[in-house]
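Each remark here refers to the structure printed beneath this line.
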Amino acid sequence: MAGLKVLIVGGGIAGPALAHWLSRVAGAHITLVERAPQVRASGQQIDLRAQGVDMMRKMGIEPAVRAVVVHEPGAQLIDTKGKTKAFFPATKTGTGKQSITSEYEIMRGDLVRILYAVTENRSNVQHLYNTTIDSFTQDDESDPNGKVHVTFQDGRKDDFDLVVGADGAGSKTRKIMLGPDAPDPRRRHGGYIGYFSVLAKPWDSDRGTVCMLPGSRVSRAIGTRKDCKELTRVYMMTRGEIPAIDAAYKSGDLTQLKKAWADLYEGGGWECERFVHGLRNAPEADDFYCTPLEEVQLSPGSWTKGRVALIGDAAHCHTANGFGTTWGLIGAYILAGEIATLYAKDMASPTAAVVQGAKNYEERFRPIATVSHGSTQQFQSFMFPSSRFGIWCLYTLARAAAYLNLGQSYGEGGKTSKWKLPDYPVLEEDRNPSN
Ligand SMILES: Cc1cc2nc3c(=O)[nH]c(=O)nc-3n(C[C@H](O)[C@H](O)[C@H](O)COP(=O)(O)OP(=O)(O)OC[C@H]3O[C@@H](n4cnc5c(N)ncnc54)[C@H](O)[C@@H]3O)c2cc1C
Ligand SMILES: *[C@@H]1O[C@H](CO)[C@@H](O)[C@H](O)[C@H]1NC(C)=O
Ligand SMILES: *[C@@H]1O[C@H](CO)[C@@H](O)[C@H](O)[C@H]1NC(C)=O
């Protein structure tokens with residue numbers, strides 16, 4: 001038996017999920033590399049929605065997730081005086097249909113740790129931190145004994161039957177796979193999201209809270225969420241051209257980046273003064289994280305190339321649609337399922353199963369994972385209005401939606417809500433039970 005030797009690049013959400021599924025395939029050996037020196041557990045609240053809830057159950061991690069979920073009673077819109085304009089209660093139905101506040105709100109770091117623990121002690125999964133790839137080449141797709149030849153950053157070389165990029169929106173694996181002349185598939189929508197923590201005050205709401213700030217050339221929203229007693233997490237969202245943030249983001253200088261955000265929100269009303277002061281000065285804000293609003297738009301057929309495939313944000317990132325975690329987990333499962341199904345039929349050489357399985361994965365999952373692609377501009381100009389009239393419209397609509405309970409199926413289009421998670425019998429049984 002030839003075995004199936006896999007390299008997964010990126011230990012975020014999608015990477016460890018894929019390691020779990022592939023580790024059940026007979027003869028599989030998985031190396032998971034993460035650039036950071038240890039589990040990269042930063043990030044704020046993320047959520048599992050729709051089929052992501054079924055996915056979590058299939059992975060057997062529901063008890064672990066439930067043990068750490070954030071109990072958020074719902075989401076509210078407030079005005080700059082702190083007055084509630086609309087409230088969307090959290091879902092508690094367990095059916096998968098989720099409100100703006102999902103029943104499975106979880107801190108990103110907790111989910112990364114849960115996913116890591118699933119394969120932590122499996123003998124056919126190796127976790128390497130402080131490790132990344134430098135380059136790779138691969139043999140022709142038609143070569144039954146072909147491999148991907150990988151050079152790691154430290155100069156080490158190794159061959160794999162399958163290499164998967166789970167290294168996020170800025171994926172290096174994608175860059176190498178597409179080649180030096182390919183255009184960057186990231187589309188910026190103009191605007192950023194930034195998060196950080198401040199010391200909590202007794203009056204900070206335990207609801208997810210959003211406040212639209214009027215009176216600026218660019219759209220600004222600021223909000224809070226609470227997952228623990230001591231800290232309040234602050235979220236900032238902007239739309240439009242913001243040269244100071246663009247420049248600071250490009251420079252990678254965290255101090256400059258914090259200053260650009262603080263300057264933009266100075267004097268914004270509500271609790272801005274306190275938050276901006278924290279952002280500029282307090283150690284709690286050292287967890288500051290900032291990401292542009294962007295979409296990864298790869299042309300059809302280019303999620304994979306031969307024995308190399310992309311999953312999660314590397315394949316289909318859409319920063320603000322709320323489905324990043326859900327689609328990241330599901331894509332990993334589908335890629336593993338498609339390859340494992342074909343490989344089980346002919347274990348003499350993994351090449352054919354890998355190449356065809358990867359193609360099938362894209363064909364099956366792309367229409368679902370990219371359903372909200374391209375719609376961002378309209379969505380965001382509605383969600384983040386900057387004029388006082390725009391803000392008034394938003395409040396009115398939000399109140400109506402809360403009344404009609406539309407919040408209960410947030411973000412689910414007809415196409416995705418009818419879609420069912422595929423079944424892969426081959427993955428149901430652990431074919432490496434000695435682990
Ligand atoms: C630090 C961080 C904080 C985040 N915070 C939030 C948040 O608060 N809210 C939210 O909705 N989404 C957040 N996200 C995004 C969210 O995790 C993803 O949208 C989604 O879960 C899909 O996950 P993914 O595994 O595809 O990508 P990611 O979660 O981005 O994981 C990619 C992983 O790959 C690693 N990596 C990157 N490049 C390389 C390389 N060259 N070699 C090896 N490893 C590499 C990264 O360190 C990271 O661990 C955050 C992502 C990160 C990395
Ligand atoms: C893995 O093994 C180590 C050492 O025996 C143990 O401390 C750890 O809890 C185990 N992890 C899981 C997820 O079981
Ligand atoms: C990470 O690896 C590099 C060499 O590849 C080494 O110089 C550095 O000390 C390592 N860092 C940690 C935290 O292990």
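When a ligand or atom number is given, it counts from 1 through the structure's own listing order.
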Checklist entry - Under 6.0 Å from the CD atom of Glu273, do we count more than 12 heavy atoms belonging to anything else shown? => result no
Next on the checklist: Please find the pair of heavy atoms, one from Asp134 and one from Ile176, that lie closest to each other, and give the distance.
Outcome noted: O-CD1, 3.7 Å
Checklist entry - How far is atom 32 (C) of ligand 1 from its nearest protein heavy atom, and which residue and atom is that? => result Ala166 O, 3.5 Å
Next on the checklist: Looking at Phe152, I'd like to know if the NZ or CZ of Arg156 sits under 6.0 Å from its six-membered ring centre while staying within 45 degrees of the ring's axis.
Outcome noted: yes
Checklist outcome for this item: When Asp287, Asp227, Thr232 are each screened for side-chain hydrogen bond (donor to acceptor under 3.5 Å, both in side chains) with Ser197, the one that passes is Asp287
Checklist entry - Could an N or O of ligand 1 be found under 3.5 Å from any N or O of Glu34, whether backbone or side chain? => result yes
Next on the checklist: Please list the nearest protein heavy atom to atom 43 (C) of ligand 1 with its residue and the distance rounded to 0.1 Å.
Outcome noted: Arg35 N, 3.2 Å
Checklist outcome for this item: atom 5 (N) of ligand 1 sits nearest the protein heavy atom Gly43 CA, 3.4 Å
Item to check | Closest protein heavy atom to atom 11 (O) of ligand 1, given as residue, atom name and distance to 0.1 Å | outcome: Ile46 CG2, 3.6 Å
Checklist entry - Tyr192 and side-chain hydrogen bond (donor to acceptor under 3.5 Å, both in side chains): which partner among Thr291, Asp246, Thr319? => result Asp246
Checklist entry - Are Ser42 and ligand 1 in contact, using a heavy-atom cut-off of under 4.0 Å? => result yes
Checklist entry - Nearest to atom 42 (N) of ligand 1 by heavy atom, Leu329, Thr132, Ile13: which? => result Thr132
Checklist entry - Does Thr304 have any side chain to side chain donor-acceptor pair (under 3.5 Å) partners at least two apart in sequence or in another chain, and if so, which? => result none
Checklist outcome for this item: For Gly312, the atoms of ligand 1 under 4.0 Å from one of its heavy atoms are 26 (O)
Checklist entry - Of all the non-hydrogen atoms in the protein, which one sits nearest to atom 27 (O) of ligand 1, and at what distance? => result Gly168 CA, 3.8 Å
Distance dump, ligand 2 polar atoms to protein, N/O, under 3.5 Å:
residue  : atom   : partner : partner atom : Å
ligand 2 : 2 (O)  : Asn121  : OD1          : 3.1
ligand 2 : 2 (O)  : Asn121  : ND2          : 2.4
ligand 2 : 11 (N) : Glu120  : OE1          : 3.2
ligand 2 : 11 (N) : Asn121  : ND2          : 2.9

Next on the checklist: Against ligand 1, does Gly328 come closer than 4.0 Å with any heavy atom?
Outcome noted: no
Checklist entry - Do any N/O atoms on Asn130 end up under 3.5 angstrom from N/O atoms on ligand 3? => result yes
Checklist outcome for this item: Hits for side chain to side chain donor-acceptor pair (under 3.5 Å) against Arg366, two or more places apart or cross-chain, chain-then-number order -> Glu362
Checklist outcome for this item: the protein heavy atom lying closest to atom 8 (O) of ligand 1 turns out to be Gln44 N, 2.7 Å
Next on the checklist: Centre-to-centre under 6.0 Å for Tyr116 and His127, is that the case here?
Outcome noted: yes
Checklist entry - Between His373 and His316, is a ring pair (Phe, Tyr, Trp, His ring centres under 6.0 Å) present by the stated rule, with each step listed? => result CA-CA 9 Å; His373 277 208; His316 49 70; 7.2 Å; no
Item to check | Closest approach of any protein heavy atom to atom 9 (N) of ligand 1, naming residue and atom | outcome: Tyr195 OH, 3.2 Å
Checklist outcome for this item: At under 4.0 Å between heavy atoms, what of Trp327 touches ligand 1? The answer is neither
Next on the checklist: Under 3.5 Å between any N/O of Ile133 and any N/O of ligand 1: does that happen in this structure?
Outcome noted: no
Compile the donor-acceptor pairs under 3.5 Å between side chains in residues 32-40 and protein atoms, sequence neighbours left out, one pair per line.
residue : atom : partner : partner atom : Å
Glu34   : OE1  : Gly11   : N            : 2.8
Glu34   : OE2  : Ala36   : N            : 2.9

Checklist entry - Among protein heavy atoms, which lies nearest atom 19 (O) of ligand 1, and at what distance? => result Asp313 OD2, 2.6 Å
Checklist entry - Should you measure from each heavy atom of Val9, which atoms of ligand 1 turn up under 4.0 Å away? => result 42 (N), 43 (C)
Checklist entry - Quick one: are the ring centres of Trp21 and Tyr424 less than 6.0 Å apart? => result no
Checklist entry - Would the number of heavy atoms belonging to other residues, nucleotides or ligands and lying under 6.0 Å from NZ of Lys259 be above 12? => result no
Checklist entry - Less than 4.5 Å apart, any side-chain heavy atom of Lys201 and any of Arg274? => result yes
Checklist entry - Is atom CD of Glu363 surrounded by more than 12 heavy atoms (other residues, nucleotides or ligands) closer than 6.0 Å? => result no
Item to check | Candidate with minimal heavy-atom separation from atom 37 (C) of ligand 1, of Asp167, Val39, Thr291 | outcome: Asp167
Checklist entry - Heavy atom under 4.0 Å from ligand 1: found in Ala36's side chain, backbone, both, or neither? => result neither
Next on the checklist: Classify the ring geometry of Trp327 against Phe365: parallel below 30°, tilted from 30° to 60°, perpendicular beyond 60°.
Outcome noted: perpendicular
Checklist entry - Hey, which atoms in ligand 1 end up nearer than 4.0 Å to a heavy atom of Gly324? => result 20 (C), 22 (C)
Item to check | Phe87 six-ring face occupied by Arg207 cation (under 6.0 Å, within 45°) | outcome: yes
Checklist entry - So between Gln45, His316, Arg225, Arg108, whose heavy atom ends up nearest atom 4 (C) of ligand 1? => result Arg108
